[in-house]
Amino acid sequence: MACSVEAKGIEAMEEKSDILAQRRAKLDELRNEGINPFANDFRATHTAAEVHAAHTDHDAEALADCGAHYALAGRIMARRDFGKAAFLQLQDRGGRCQVYVAQEQLGEDAFALYRKLDIGDIVGVTGTPFRTKTGELSLRAASLQLLTKSILPLPEKWHGLTDVETRYRQRYLDLMVNPEVREVFKKRSRIVSAIRDYMVAHDFHEVETPMMQPIAGGATARPFVTHHNALDMTLYLRIAPELYLKRLVVGGFDRVFEINRNFRNEGISIRHNPEFTMMEFYQAYATYEDLMNFTEKLICHVAQEVLGTLMISYGGQPVDLTPPWDRLTVREAIVKYGKVDPAVLDDHAALLQVAKKLEIDVEPTIGHGKLLLEVFEAVAEPHLWQPTFITQYPTEVSPLSRKNDADPEIVDRFELYIVGRELANAFSELNDPIDQKERFLAQLAEKEAGDEEAHAMDEDYIRALEYGLPPTAGEGIGIDRLVMLLTDSASIRDVILFPQLRPEKQ
RNA sequence: GAGCCGGUAGCUCAGUCGGUAGAGCAUCUGACUUUUAAUCAGAUGGUCGUGGGUUCGAUCCCCCCCCGGCUCACCA
């Protein structure tokens, strides 16, 4: 018995020293005093940003006379106590506002409550604006109410939260204490809105197509596999919406777009997350050349709208988005950046030698088109820092693109590169059902030969083409990568709120 | 999947050529009615990522594993 009493004593001591336990004890104390630590009867009239905006030009005298009265709600991010008065930083969705709490204004009871509050608590404050000695616009609290008690301590006020793992796992904390992170995600939202507005303004119709597909088509990538119990069937998370969107063009939606997630069961890197956001859009009676012009205008519109400039910087290097952007063919890019003799580009054996010299790992049986693309990616891609359209892709690597009328070895396709990264991929769509079926069959042969990423046969898509897909051009724009570019973010995880991580160890 | 780097208090970090650890901030107690990382005095706080090995003794050395970052591979 004596033993258990002693154990209890130790437990109590440990509890007293533990911040979580201290905060829990405060919770109980507040409840015992009849205060609801999770009240929901406060209505803010303004945000911190609105208060600042209303009084930017007001000096102390003007403020005293303005007669304004505000109710703000937010989280206490900092406090500086001076006995019977204190300053605190209140943070809401619009920013921060300093609040001056003094026993003189609040009264003894309310001030006693204030003293029980902690950094991290969410409160409602009413009061009048004034300027402190140092000129900071502040709210003189007339009343203070606890709205939500926080029982975990916030990261440090000066260094903040820098541990990358914690920032990704506990994004709520990251957003709470790192204002620049909040800005990135606000910007992301504005970018998506600007894109959507631009598309709608150009008569595109927004749609949503299946994320769970019986055939994962529209791209070459390994899919995630799942199972529907009631239908007892295998389903794939989509790797692209392409084939569904084109079905809609067949159906008469001449201009469609979708901004949504794709899922690809592949490696994770600074540029790849298993789920990522793409905008795909299709325009009937247009060609890939029309889309190049459109893409320039779209991205410039977004940059101008969100950043107010076309001269941006990424990773410390300038990027000039001013149109017109450079246009190079795959071959021209290889010659320009790889210092490769143009004659070699048509000589398979010689090009294989070039690839070998570049230490590109290629199968000896590789097709010429694939080989060209491999060499292009090795020698040219890293140099494409300023916005550049690359055209004339080999037919072999473009199973859904329309062949060029003059040269069937290439297709009417472009990819857009900025800061050495592929940002968009577009082509005039293949709308000949017989040609499409043959390309699917060729892909099928590759699949049987062991290529896991080869495109699957989609009979219904062929059927749709047999009804007639008007001449159409389509494009996919990687939204995450565009956001990375426009927010100067080094990692895709910095523009995805909850990037994929392994589960936290318990 | 491979290579390199990292994991120490709530947060940001230091440290121990092997003798069970420190600082700042946060927290607690006290002082303080215009601060701006407020200040001053005192105090609490750690299974040093997990498991094993070597050793009289491991947070430190060795091995396995877990988690993360970067590079590469796959890809957008």
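Here is the naming used below: chain letters follow the sequence lines, and residue numbers restart at 1 for every chain.
Counted by atom type alone, A/D109 and A/Y114 present zero donor-acceptor pairs between their side chains at under 3.5 Å. A/Q98 and A/S138 are linked by a side-chain donor-acceptor pair at a separation below 3.5 angstrom, with hydrogens and angles left out of the test. Side-chain contact of A/D163 with A/Y168: a donor-acceptor pair under 3.5 Å is absent, judged by distance alone.
Rounded to a whole angstrom, the distance from the C1' atom of B/rC74 to that of B/rU47 is 41 Å. Comparing B/rU27 with B/rA38, their P atoms sit 10 Å apart, to the nearest whole Å. With both ends at atom C1', the span from B/rC25 to B/rC5 equals 27 Å, rounded to whole Å. Between B/rC60 and B/rG52, the two P atoms lie 13 Å apart (nearest whole Å). Only the P atoms considered, B/rU59 is 23 Å distant from B/rU12, to the nearest whole Å. Between the C1' atoms of B/rU20 and B/rC66, the separation comes to 24 Å (whole Å).
No engagement by A/D480 is indicated, since no non-hydrogen atom pair under 4.0 Å with the nucleic acid exists. Residue-level contact check: A/G267 touches the bases, meaning some heavy atom is under 4.0 Å from a base atom. A/R421 comes within 4.0 angstrom of no nucleic acid atom, judged by non-hydrogen atoms across all strands. Across all strands, A/E104 comes closer than 4.0 Å to base atoms (heavy-atom distances). Residue A/N265 is out of contact with every strand shown, counting any heavy-atom pair closer than 4.0 Å. A/G476 comes within contact range of no nucleotide atom at all, as no heavy-atom separation falls under 4.0 Å. Within the nucleic acid shown, A/L501 comes within 4.0 Å of sugar-phosphate atoms alone, with no base atom in reach, counting heavy atoms only. Among the heavy atoms of the strands, none lies under 4.0 Å from A/F263.
When the P atom of B/rC11 is taken as reference, atom CZ of A/R23 falls 13 Å away, rounded to whole Å. When rounded to the nearest whole Å, the span between CD of A/E156 and C1' of B/rA9 equals 13 Å. Regarding A/D494, its CG atom lies at a distance of 13 Å from the C1' atom of B/rC70, rounded to whole Å. Spacing between atom CD1 of A/I492 and atom P of B/rG68 amounts to 17 Å, rounded to whole angstrom units. Summarising the geometry, the separation between CE on A/M484 and C1' on B/rA76 is reported as 11 Å, rounded to the nearest angstrom. Distance A/I270 CD1 to B/rG69 P: 10 Å, rounded to the nearest Å. One can place CD1 of A/I19 at 18 Å from P of B/rA43, the figure rounded to the nearest angstrom. Nucleotide B/rG69 holds its P atom 12 Å from the CD atom of A/Q500, rounded to whole Å.
Judged by distance alone, with hydrogens and angles left aside, A/T162 brings no side-chain donor or acceptor close enough to the base of B/rU12 to form a pair under 3.5 Å. Between the side chain of A/E136 and the base of B/rU34, no donor-acceptor pair under 3.5 Å is found. The base of B/rU35 is not paired with the side chain of A/Y100 by any donor and acceptor separated by under 3.5 Å. Below the 3.5 angstrom threshold, one finds no donor paired with an acceptor across the side chain of A/R131 and the base of B/rU34.
Ring to ring, A/H55 and A/Y70 are close: their centroids are under 6.0 angstrom apart. Checked against the 6.0 Å centroid criterion, the rings of A/Y100 and A/F82 do not qualify as a close aromatic pair.
Look at B/rC17: it lacks any Watson-Crick or wobble partner with both distances under 3.5 angstrom. Using N1 to N3 plus N6-O4 or O6-N4 for Watson-Crick, or N1-O2 and O6-N3 for G-U wobble, each under 3.5 Å, B/rC48 pairs with nothing. Applying the Watson-Crick and G-U wobble criteria (two distances, each under 3.5 Å), B/rU39 pairs with B/rA31. For B/rG10, the paired nucleotide is B/rC25, the pair qualifying as Watson-Crick or G-U wobble because both relevant distances are below 3.5 Å. Of the nucleotides present, none pairs with B/rA76 by Watson-Crick or G-U wobble criteria with both distances under 3.5 Å. When both distances must be under 3.5 Å, the Watson-Crick or G-U wobble mate of B/rG3 is B/rC70.
Regarding contacts with the backbone of B/rA38, a side-chain N or O of A/K157 is found under 4.0 angstrom from either OP1 or OP2. Listed pair A/K84 / B/rA31 fails the phosphate criterion, with no side-chain N or O lying under 4.0 Å from OP1 or OP2. When the side-chain nitrogen and oxygen atoms of A/R502 are compared with OP1 and OP2 of B/rC67, one or more of them lie within a distance under 4.0 Å.
With hydrogens and angles ignored, the 3.5 Å screen pairs no side-chain donor or acceptor of A/N178 with any backbone N or O of A/V181.
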Report the C-alpha separation of A/F185 and A/L497 in whole Å, then their side-chain angles, then the decisive distance to 0.1 Å, and conclude whether the side-chain contact (heavy atoms from CB on, under 4.5 Å) test is met. CA-CA 8 Å; A/F185 288 103; A/L497 282 165; 3.5 Å; yes
Derivation and outcome, side-chain contact (heavy atoms from CB on, under 4.5 Å), residues A/K246 and A/E429: CA-CA 9 Å; A/K246 281 192 274 193; A/E429 302 298 334; 2.5 Å; yes
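Residue-to-nucleotide proximity on RNA chain B shows that, of A/D118 and A/Q89, the 5′-proximal contact is made by A/D118.
Here A/F276 counts as stacked on B/rA76: its ring centre is under 5.5 angstrom from the base ring centre and the planes meet at under 30°.
Distances were taken from every side-chain heavy atom of A/P155 (C-beta onward) to each of B/rC67, B/rU12, B/rC11; the shortest belongs to B/rC11. Of the candidates B/rA26, B/rC70, B/rC67, B/rC70 carries the atom nearest the A/R493 side chain, counting heavy atoms from C-beta on. Across B/rU33, B/rU34, B/rC28, the shortest atom-to-atom separation from the side chain of A/K133 is found for B/rU34. The nucleotide whose nearest atom lies closest to any side-chain atom of A/P153 is, among B/rG10, B/rC25, B/rG69, B/rG10. Minimum atom distance to the side chain of A/S491 is reached by B/rC70, of the listed B/rU35, B/rA37, B/rC70. Set against B/rA76, B/rU33, B/rC67, the side chain of A/R169 has B/rC67 as its closest nucleotide. Taking every side-chain heavy atom of A/D163 into account, B/rU12 is the closest of B/rA76, B/rU33, B/rU12.
A cation-pi arrangement, defined by a distance under 6.0 Å to the six-membered ring centre and an angle within 45 degrees of its axis, is present between A/R413 and A/Y393. Cation-pi check for A/R238 over A/F224 is not met; the charged atom does not lie both under 6.0 angstrom from the ring centroid and within 45 degrees of its normal.
No more than 12 heavy atoms of other residues, nucleotides or ligands lie within 6.0 Å of CZ in A/R24, so this atom counts as exposed by the packing criterion.
Contacts between residues 73-83 of chain A and RNA chain B, counted as heavy-atom distances below 4.0 Å, involve A/R80, A/D81, A/F82, A/G83.
At least one side-chain heavy atom of A/R31 sits less than 4.5 Å from a side-chain heavy atom of A/F38.
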